[in-house]
K.L.:
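Have a look at the structure that comes next, please.
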Amino acid sequence: TLAKTDAMKASYVLTNDLVLNEDETVFQWIPIGNTSDGFQGTFDGQGHKIDGIYVNSTEDSQGLFGTIANAATVKNFSLKNSRFFTTGMRIGSIAGSCYGTVSNVYSNADVESPRTGTYARVAGMFGLLGGSGEAKVSSCWFDGTVTAAGDMVGGIAGQVGASKVT
């Protein structure tokens with residue numbers, strides 16, 4: 001079996017649409033990668049959709065990916081009919097934190113955080129974009145909803161650090 005660290009560096013290809021839940025009480029999503037062990041590999045959705053991810057958490061860095069690291073490439077998929085709720089910091093439907101390369105990704109998820117005060121970093125796609133390395137984001141779009149009580153809130157990113165967005 002692969003060690004967790006090896007799995008975070010591997011390449012993955014989505015060969016079909018993926019429906020995880022039709023009812024948010026069934027399966028709670030655990031993000032791919034986290035702050036200390038971010039995803040460093042390649043994920044190519046090949047134009048497929050991921051449907052029905054549900055997160056209800058008190059943890060930081062929540063999304064499909066918890067953290068997309070500098071070396072990672074994530075591309076070519078849509079995220080639909082999904083809901084992300086956390087009281088932690090850094091929440092976005094695609095990644096709580098992103099330092100890597102993301103292209104051709106769409107989301108219509110609902111993202112919500114009741115966290116108040118500074119550094120909430122809540123957004124439709126990326127809670128934190130860039131910072132410890134230049135993130136590169138291109139041809140990504142969001143048309144879901146974002147509901148947040150704190151600051152650093154946005155549609156694409158809650159906070160943008162060292163990044164290139166096209």
K.L.:
Do Gln46 and Leu14 make a side-chain contact, defined as non-hydrogen atoms from C-beta onward lying under 4.5 Å apart?
P.N.:
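Counting from C-beta outward, Gln46 and Leu14 never come under 4.5 Å.
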K.L.:
Quick check: do Ser57 and Phe84 have side-chain heavy atoms less than 4.5 Å from each other?
P.N.:
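No, every pair of side-chain atoms sits at 4.5 Å or beyond.
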K.L.:
Got more than 12 heavy atoms from elsewhere within 6.0 Å of CD1, Ile30?
P.N.:
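No.
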K.L.:
Hey, which of Met89, Arg121, Arg90 is the one that makes side chain to side chain contact (heavy atoms under 4.5 Å, CB included) with Gln159?
P.N.:
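For Gln159, the side chain to side chain contact (heavy atoms under 4.5 Å, CB included) test succeeds with only one of Met89, Arg121, Arg90, which is Arg121.
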K.L.:
Of all heavy-atom pairs between Ala149 and Pro114, which one has the smallest distance, and what is that distance?
P.N.:
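That closest heavy-atom pairing would be CB-O, 3.5 Å.
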K.L.:
Kindly work out whether a path of hydrophobic side-chain contacts (I/L/V/M/F/W/Y, heavy atoms less than 4.5 Å apart) joins Phe142 to Met152.
P.N.:
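In one cluster: no.
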K.L.:
Does some side-chain heavy atom of Phe126 sit less than 4.5 Å from a side-chain heavy atom of Val160?
P.N.:
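Heavy-atom side-chain distance check fails, nothing below 4.5 Å.
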K.L.:
Verify, without hydrogens or angle tests, whether Asn76 (side chain) and His48 (backbone) share a donor-acceptor contact under 3.5 angstrom.
P.N.:
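Absent.
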K.L.:
Which residues pass the side chain to side chain contact (heavy atoms under 4.5 Å, CB included) test with Thr147, sequence neighbours left out?
P.N.:
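Per chain and number, Thr147 pairs via side chain to side chain contact (heavy atoms under 4.5 Å, CB included) with Glu112.
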K.L.:
Identify the heavy atoms of Ala120 and Gly150 that sit nearest to each other, and give their distance.
P.N.:
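In terms of heavy atoms, the two residues are closest at CB-CA, 4.1 Å.
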K.L.:
Would you give the length of the straight line joining atom CD1 of Ile68 to atom OG of Ser97, rounded to the nearest 0.5 angstrom?
P.N.:
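So the CD1 of Ile68 and the OG of Ser97 are separated by 9.5 Å.
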K.L.:
If you compare all heavy atoms of Leu129 against all heavy atoms of Ala157, which two are closest, and at what distance to 0.1 Å?
P.N.:
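Heavy atoms only, the tightest pair is CB-CB, 4.0 Å.
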K.L.:
Could you check if a side-chain atom of Trp29 sits within less than 4.5 angstrom of a side-chain atom of Leu64, using non-hydrogen atoms only?
P.N.:
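Sidechains of Leu64 and Trp29: in contact.
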K.L.:
Exactly one of Phe43, Tyr12, Tyr106 should register a ring-ring contact (aromatic ring centres under 6.0 Å, His included) with Phe77. Which one does?
P.N.:
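It is Phe43, the one option of Phe43, Tyr12, Tyr106 that forms the ring-ring contact (aromatic ring centres under 6.0 Å, His included) with Phe77.
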K.L.:
What distance do Leu20 atom CG and Gln28 atom CD have between them, rounded to the nearest 0.5 Å?
P.N.:
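The distance works out to 11.5 Å.
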K.L.:
Which atom names give the shortest non-hydrogen contact between Ala69 and Gln40, and what distance separates them?
P.N.:
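Here Ala69 and Gln40 meet closest at CB-CG, 3.7 Å.
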K.L.:
Roughly how far apart are Ser82 OG and Ile50 CD1, rounded to 0.5 Å?
P.N.:
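It comes to 8.5 Å.
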K.L.:
Is Met125 close to Val105 at the side-chain level, that is, under 4.5 Å between some pair of heavy atoms?
P.N.:
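Yes, at least one pair of side-chain atoms sits under 4.5 Å.
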K.L.:
Rounded to the nearest 0.5 Å, what separates atom OG in Ser138 from atom NZ in Lys75?
P.N.:
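Going from OG on Ser138 over to NZ on Lys75, the span is 10.5 Å.
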K.L.:
OG1/Thr86 to CG/Asp60 distance, rounded to the nearest 0.5 angstrom?
P.N.:
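Answer rounded to 0.5 Å: 7.0 Å.
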K.L.:
What distance separates Thr35 OG1 from Leu128 CG, expressed to the nearest 0.5 Å?
P.N.:
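So the OG1 of Thr35 and the CG of Leu128 are separated by 9.5 Å.
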K.L.:
Can you check whether Gly52's main-chain N or O pairs, donor with acceptor, with Asn21's side chain at less than 3.5 Å?
P.N.:
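Checking the backbone N and O of Gly52 against the side chain of Asn21, a donor-acceptor pair under 3.5 Å is found.
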K.L.:
Could you check whether any side-chain heavy atom of Asn104 comes within less than 4.5 Å of a side-chain heavy atom of Trp141, counting everything from C-beta outward?
P.N.:
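Yes, at least one pair of side-chain atoms sits under 4.5 Å.
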K.L.:
Quick check: does any side chain N or O of Arg115 sit under 3.5 Å from a backbone N or O of Thr87, one acting as donor and the other as acceptor?
P.N.:
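Yes, Arg115 side chain to Thr87 backbone: donor-acceptor pair under 3.5 Å.
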K.L.:
What are the two closest heavy atoms between Val146 and Ala123, and how far apart are they?
P.N.:
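In terms of heavy atoms, the two residues are closest at CG2-C, 3.9 Å.
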K.L.:
With hydrophobic residues grouped by side-chain heavy-atom distances under 4.5 Å, do Phe65 and Leu18 end up in a single group?
P.N.:
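Yes, Phe65 connects to Leu18 through the hydrophobic network.
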K.L.:
I'd like to know if Ile32 and Val111 are part of one continuous hydrophobic network [Ile/Leu/Val/Met/Phe/Trp/Tyr, side-chain heavy atoms within less than 4.5 Å].
P.N.:
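Per the 4.5 Å side-chain linkage, Val111 and Ile32 are co-clustered.
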K.L.:
Out of curiosity, does Tyr119 fall in the hydrophobic cluster containing Tyr99 (side-chain heavy atoms, cut-off under 4.5 Å, transitive links)?
P.N.:
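No, Tyr99 and Tyr119 fall in different hydrophobic clusters.
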K.L.:
Pair Thr145, Asp110 - check side chain to side chain donor-acceptor pair (under 3.5 Å), show working.
P.N.:
CA-CA 5 Å; Thr145 62; Asp110 296 323; 2.6 Å; yes
K.L.:
Tell me the closest heavy-atom pair linking Gly66 and Pro31, and the distance in Å.
P.N.:
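What the structure gives for the nearest pair is N-CB, 3.3 Å.
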